[in-house]
Amino acid sequence: MERTGDSGEGFGRERRLTQSSQFKRVFADANRASRQSFVVLYRPNGLDQPRLGLAIAKKCARRAVDRNRLKRIARESFRRSGRRLPGVDIVVLCAQGAPRESNQRLFDVLERAWAHIEKSSCVES
């Protein structure tokens with residue numbers, strides 16, 4: 001398996017939200033970037049790179065295969081766009097109907113969310 005190194009496209013531990021306190025910080029004072037298929041919450045993190053956390057609930061996607069598919073799509077979209085995103089902590093939540101959407105539609109929704117975060121005035125440094 002090839003490591004991407006400094007390309008900004010990896011998803012190593014430093015690119016993830018790993019502790020509940022990190023998730024709580026985003027939930028406490030979040031900006032919203034999307035409301036379709038995925039709810040994307042974000043907040044500046046004071047770092048020079050974005051970090052991603054996933055909270056795909058069983059309530060939204062009952063089957064594990066559906067939850068895993070949604071997580072794979074969110075991670076892959078984040079990997080592709082991570083280089084252009086500012087230093088923010090992002091939490092992606094599932095919205096009703098997401099498991100029934102096509103992969104391309106889900107990627108499009110996330111791409112619009114990343115573009116919104118990129119242009120957002122609250123993350124200006």
Side-chain angles (χ1 to χ4, degrees):
M1 185 195 297
E2 183 179 316
R3 292 276 177 191
T4 57
D6 294 333
S7 70
E9 295 177 2
F11 194 61
R13 193 164 180 82
E14 70 282 354
R15 303 285 310 268
R16 291 181 270 170
L17 298 181
T18 57
Q19 300 171 351
S20 64
S21 61
Q22 295 169 331
F23 281 86
K24 287 177 184 175
R25 185 176 169 273
V26 175
F27 289 129
D29 185 28
N31 296 296
R32 189 177 294 242
S34 178
R35 298 171 197 259
Q36 306 169 302
S37 304
F38 288 111
V39 176
V40 180
L41 305 174
Y42 65 98
R43 176 183 174 158
N45 63 13
L47 304 173
D48 61 347
Q49 67 181 0
R51 298 187 298 182
L52 177 69
L54 300 169
I56 307 298
K58 201 182 247 188
K59 184 176 181 179
C60 173
R62 296 297 301 165
R63 299 182 323 156
V65 67
D66 293 331
R67 291 191 303 277
N68 291 336
R69 176 178 154 253
L70 294 172
K71 288 189 269 188
R72 276 193 309 273
I73 289 170
R75 280 192 299 265
E76 180 59 24
S77 179
F78 179 77
R79 270 193 216 73
R80 291 178 184 176
S81 300
R83 187 179 311 158
R84 66 183 185 158
L85 292 172
V88 291
D89 285 343
I90 301 168
V91 175
V92 175
L93 304 159
C94 181
Q96 283 305 120
R100 294 186 297 277
E101 296 287 351
S102 70
N103 288 358
Q104 187 58 53
R105 170 113 170 89
L106 294 171
F107 274 111
D108 291 345
V109 167
L110 288 169
E111 184 57 37
R112 284 194 302 273
W114 307 147
H116 176 84
I117 291 170
E118 186 180 16
K119 295 175 189 171
S120 177
S121 62
C122 86
V123 294
E124 296 293 324
S125 323

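Index from 1, following the sequence. This structure is a prediction, so every number in the text was calculated from the model and none was measured.
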Between [X] and [Y], what is the shortest heavy-atom contact and its length?
X	Y	result
Lys71	Ile56	CG-CG1, 3.5 Å
Ala95	Cys60	O-SG, 3.1 Å
Ser37	Glu101	OG-CG, 3.5 Å
Ala74	Leu54	CB-CD2, 3.6 Å
Leu70	Cys94	CD1-SG, 3.7 Å
Tyr42	Ala33	CE2-CB, 3.8 Å

Separation of Phe38 CZ from Leu110 CG (nearest 0.5 Å): 5.0 Å

Is it the case that [X] and [Y] place a side-chain donor and acceptor less than 3.5 Å from each other?
X	Y	result
Gln36	Arg112	yes
Asn103	Arg69	yes
Glu111	Ser77	no

Share the residues that join Leu93 in a hydrophobic cluster, the rule being Ile, Leu, Val, Met, Phe, Trp or Tyr side chains under 4.5 Å apart at the heavy-atom level.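 Direct or chained contacts put Leu93 with Leu17, Phe23, Val26, Phe27, Val39, Leu41, Val91.
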
Heavy-atom distance under 4.5 Å between the side chains of Pro86 and Ile117, does that happen here? yes

Is there a side-chain contact between Trp114 and Ile90, using heavy atoms and a 4.5 Å cut-off?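 Side-chain contact under 4.5 Å: yes.
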
Checking salt bridge (Lys or Arg N to Asp or Glu O under 4.0 Å) for the pair Arg63/Asp66: CA distance, chi angles, key distance, verdict? CA-CA 5 Å; Arg63 299 182 323 156; Asp66 293 331; 3.1 Å; yes

Identify which one of Arg15, Gln22, Arg16 satisfies the side chain to side chain contact (heavy atoms under 4.5 Å, CB included) criterion when paired with Arg51.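 Only one of Arg15, Gln22, Arg16 forms a side chain to side chain contact (heavy atoms under 4.5 Å, CB included) with Arg51, namely Gln22.
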
Donor-acceptor pair, distance only, cut-off 3.5 Å: does the side chain of Gln49 make one with the backbone of Glu14? yes

Main-chain N/O of Val40 paired with Arg32 side-chain donor or acceptor, under 3.5 Å: no

Would you kindly check if the NZ (Lys) or CZ (Arg) of Arg80 is within the cone defined by 45 degrees around the ring axis of Phe107 and under 6.0 Å from the six-membered ring centre? yes

Could Arg43 and Asp89 be called an ion pair, given the rule that one side-chain N must be under 4.0 Å from one carboxylate O?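 Result for this pair is no, no salt bridge flagged.
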
